[in-house]
Amino acid sequence: MKYIIFTCDGYGLPIAQHLQQEGEEVIVGQVINKRTTLTKVESRKNNEEYTLDQKRRLNLFKNMVEKVPADILVKRMKKIPNPQDYFVFFDFNDLFYYADQIRDLGFNGNFPNEKDRIFEVDRDEAKEFVNKYYPEVEITEKKEFRAISGAKKFLKDTKKIWVVKSKGHRGETLIPQTKDPELAKWQIIETLEAYKNAYEEAGFLLEEKIPSVIEITPEKIYYDGEPLALTVNFENKTLGSGNISLQTQCAADLVFPIDFSSRIHEIAFPAIIDKIAKKHKGLFIWDASLLIDKNTGKIFFGEFCPNRPGYNSILTCLSQMPSISHFFKSVVAKKSPYTIGSIGSSVTLFNLSRDPEERHVLGGASISFPNEIRKSVWLLDVYKKTKNDKVRVVGFDWELSSITGSGHTIDEAVNSLYDNVESLSVGSVYYRPKSDYLSMDYESSILNRLRYCVQKKLFDIPFKGLY
């Protein structure tokens, strides 16, 4: 099978590189103009991409994988005589503009549409859907804002603690790490003011904080509407050990497949999801972030990310496969790509170096690691000056690389993960340490959340080693 990968911000590029290293034929179509990735609502709100940001974004994986502009690749694909020999992977659901153009040409793949994307960015529509179809899931109170001045006015008299969530890509999620509403209020205000442009670009919301939260994200994959597999993801989104500081895309996670008969499947995937899946051609992914109040047992809705994989989740899943191509070939054959009993783990390496002049992530430094861990290294913010150059940092984003590990017990998966991390050589980076990953000293740790779910019989763990 040959592979075509579409991307804007580069999430699918490490997957393209791994496929290429397996000897597979791969070409990447990268979006030049980011406005094509915006829904009708977003296009009225978002500003233009900065020239420097665009330059660095388009440099991702330069001289490492074959890349062409996405529009040109779509034109080429319309002339391919044997589309059934290809798998087309859209790495994010904001690529619906391109998926719409090739959906009915006979290619294998995943094909997000604009409604999939709206489910993720339009919190009101998502919550209406939850109210209608998720009888066991509740909705937290939330307030939406376009400007920080409105949020400051609202926060003036509040007695509750709120979480800040951006409606766009740039603003970070902030969860105040205090039980004092007054201190929490000023944490929020100062963050909004410090990153005003990022939050006001697409708007943001304040969502009531759940005091003692257990977060879990089940994910179900289909092909041509047929259910294939179910996984659960325990993710540390926050930058710092102990789940403090700002949220990231993913700082660490633990992912493994479970049986469809699990109680969590009944909660997270009501019958309507199967009906939605049947309307989607090819690979379809649905996940639901669930927030459980440990004190009351109530389950609250977090977010949907329909028809696109989570990151690092997809990389952690692929680390459990005999090869990357195994995943894509299995789903096309309508078989689960997973082996029940496997476990995947990951951490993200964050680049802390900054250019003192431009205040951007500092680029140019080289990265090296032994060939033996190549399958476990998922580079993100990298390029080569020439094809024979060393791998170097672009400076587009501080998420430098994801590193994965796998095994059939938690110890195996985590030990292999940190053995891989310690084998990589790069400059000033931060990652959450092994002691934090295995910690049971704070209630939101990965292992404490996993233990809670097992105790509440949300699913049975298909492996040994939960202490």
Next item on the list: List for me each residue that meets side-chain contact (heavy atoms from CB on, under 4.5 Å) alongside S353, sequence neighbours excluded, and say none if there are none.
Entry: N351, L362, S428

Note to self: Under a 4.0 Å threshold between the charged nitrogen and the carboxylate oxygen, would K143 count as salt-bridged to E207?
What the structure shows: no

Checklist line | N312 (side chain) donor-acceptor with S346 (main chain) under 3.5 angstrom | finding: no

Notebook entry, point to check: Given the side-chain rings of Y134 and F304, with only the six-membered ring counted for Trp, is the space between their centroids under 6.0 Å?
Noted result: yes

Checklist line | Atom pair CD (Q30) and CG (D71), whose distance is rounded to the nearest 0.5 Å | finding: 12.0 Å

Note to self: So, taking the atom named CD in E215 and the one named OG in S289, what distance separates them when rounded to the nearest 0.5 Å?
What the structure shows: 4.0 Å

Notebook entry, point to check: Is the number of heavy atoms from other residues, nucleotides or ligands within 6.0 Å of NZ (K434) greater than 12?
Noted result: yes

Margin query: List the residues meeting side-chain contact (heavy atoms from CB on, under 4.5 Å) with T178, not counting sequence neighbours, and say none if there are none.
Written below: P176, D180, L183, A184, Q187

Notebook entry, point to check: Does the D381 side chain pair with the main chain of V393, one donor and one acceptor, at a distance under 3.5 Å?
Noted result: no

Next item on the list: Look at E120 together with R308 and state whether they make a salt bridge at an N to O cut-off of under 4.0 Å.
Entry: yes

Note to self: Between D53 and R56, does any side-chain N to carboxylate O distance fall below 4.0 Å?
What the structure shows: no

Next item on the list: Look only at the side chain of Y98 and the backbone of L73, and say whether a donor-acceptor pair between them is shorter than 3.5 Å.
Entry: no

Item checked: Ring centre gap for F119 and W286 strictly below 6.0 Å -> yes

Check: Rounded to the nearest 0.5 Å, how far apart are CD1 of I221 and CZ of F284?
Finding: 12.0 Å

Next item on the list: Look at the side chain of D116 and the backbone N and O of N113, then say whether any donor-acceptor pair between them is shorter than 3.5 Å.
Entry: yes

